[in-house]
Participant: 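To start, I am sharing the structure in question, which I have written as structure tokens.
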Amino acid sequence: MASSLYSNAQHVDFESVLGMDDPGMVSMFEALMASGLRGFLGCPAVVYEDALVDFFENASVCNGVVFSTVGGQIVDITEKIFAESFELPVDGLGDLSEMPKDAIFDARSIVSLSGEQINLSGRKNQIKMPYRLLCDIVAKAISVKAGSFNAITVEKFSLMTAVVCGVKMNWAKFLFSVLKKMVAAKSKQAKGFAIQISLLLATFPAVELGEASAFPASKILSKKTVLRFVSINDRDGAEEITD
């Protein structure tokens with residue numbers, strides 16, 4: 001089932017969340033926008049399940065281009081097409097290993113619930129509520145890694161640092177590299193980007209997409225789902241949202 005391709009996914013309704021009466025949350029979402037991720041995280045939330053299954057079953061990477069066949073039609077996705085489709089920044093850091101150490105140092109205090117530097121191998125209940133949600137967003141919608149969503153990792157925190165400290169990222173290069181890992185043979189990269197891939201496939205006129213499905217509302221961050229996230233985390237201390 002294609003729904004398994006977005007079982008842990010997350011998307012953002014920016015118009016809704018920016019209207020929240022929660023300055024901390026609003027500030028976090030504004031930082032995501034300033035980072036250049038609105039077009040990627042907030043694009044129209046429609047999925048083509050049959051086409052997605054076809055895409056992942058037949059996808060491969062050749063010379064840095066993602067190829068697949070969907071309904072017997074060849075599709076090719078380049079980094080340039082990917083960047084333009086979601087208006088992603090193409091300048092800045094393309095690799096998290098280049099993240100400035102001083103930015104990570106600052107972010108460890110900025111996000112901290114206690115004011116003391118957080119432990120990068122700890123759990124996300126040591127960070128402020130808006131950044132707990134940001135941790136989920138980078139894990140589910142950006143890096144798309146399997147595993148515990150309550151644990152902080154160096155990779156997740158580097159992505160959070162880019163947003164929190166305004167570090168300029170080449171999101172086109174980074175996110176396209178995640179896509180390439182998704183389709184690479186024997187890769188442990190989890191499958192994701194269901195909405196984004198659906199929108200890319202829709203740009204190929206010859207491809208039969210099948211019936212469109214609305215993305216599950218429970219997986220779209222809106223005023224309602226963010227309030228639910230806060231309620232659950234207040235009660236359970238950094239437990240993730242479950243449907």
Participant: Looking at side-chain heavy atoms only, is the closest gap between F67 and V183 below 4.5 Å?
Facilitator: no

Participant: Taking atom CG of D21 as the centre, report whether more than 12 heavy atoms of other residues, nucleotides or ligands fall under 6.0 Å from it.
Facilitator: no

Participant: Should I197 and L179 count as side-chain neighbours, where that means a heavy-atom distance under 4.5 Å?
Facilitator: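 With C-beta onward as the side chain, the pair touches.
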
Participant: To the nearest 0.5 Å, tell me how far S114 OG sits from K128 NZ.
Facilitator: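 Between atom OG of S114 and atom NZ of K128 there are 9.5 Å.
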
Participant: Do the side chains of V65 and F82 join up, straight or via other hydrophobic residues, at under 4.5 Å, putting them in one cluster?
Facilitator: no

Participant: Please confirm whether the backbone N or O of A194 pairs with a side-chain atom of S198, one donor and one acceptor, at under 3.5 Å?
Facilitator: yes

Participant: Atom CD of residue position E208 - does it have more than 12 heavy atoms of other residues, nucleotides or ligands inside 6.0 Å?
Facilitator: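 Check fails, neighbour count at 12 or below.
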
Participant: Is the closest side-chain heavy-atom distance between E57 and D54 below 4.5 Å?
Facilitator: yes

Participant: For the OG1 atom of T225 and the NZ atom of K223, what is their distance to the nearest 0.5 Å?
Facilitator: 11.5 Å

Participant: When clusters are formed by joining ILVMFWY residues with side-chain heavy atoms under 4.5 Å apart, either directly or through shared neighbours, do M20 and L221 land in the same one?
Facilitator: yes

Participant: With hydrophobic residues grouped by side-chain heavy-atom distances under 4.5 Å, do M33 and V90 end up in a single group?
Facilitator: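 No, no single cluster joins them.
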
Participant: With rounding to the nearest 0.5 Å, note down the distance linking CD1 in I104 to OG1 in T161.
Facilitator: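 Going from CD1 on I104 over to OG1 on T161, the span is 5.0 Å.
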
Participant: Report yes if the side chains of I127 and M160 come closer than 4.5 Å at any heavy-atom pair, otherwise no.
Facilitator: yes

Participant: To the nearest 0.5 angstrom, please state how far the CE atom of M99 sits from the CG atom of L93.
Facilitator: 5.5 Å

Participant: Rounded to the nearest 0.5 Å, how far apart are CE of M169 and CG of D95?
Facilitator: 8.0 Å

Participant: For residues Y48 and V70, determine if any side-chain heavy atom of one lies less than 4.5 Å from a side-chain heavy atom of the other.
Facilitator: no

Participant: Answer with yes or no whether the hydrophobic clustering places I74 together with L200; edges join I, L, V, M, F, W, Y residues whose side-chain heavy atoms lie under 4.5 Å apart.
Facilitator: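 The answer is no; the residues belong to distinct hydrophobic clusters.
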
Participant: If you define the side chain from C-beta out and look only at heavy atoms, does anything of I137 sit under 4.5 Å from L159?
Facilitator: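 A side-chain contact under 4.5 Å is absent here.
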
Participant: Have a look at H11 and tell me which of P44, P216, C43 forms a side-chain contact (heavy atoms from CB on, under 4.5 Å) with it.
Facilitator: C43

Participant: Honestly curious: do L113 and I152 fall in one hydrophobic cluster under the side-chain, below-4.5 Å linking rule?
Facilitator: no

Participant: With the side chain counted from C-beta on, respond yes when F204 and Q73 share a heavy-atom pair under 4.5 Å apart, and no when they do not.
Facilitator: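 No; the side chains remain at least 4.5 Å from each other.
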
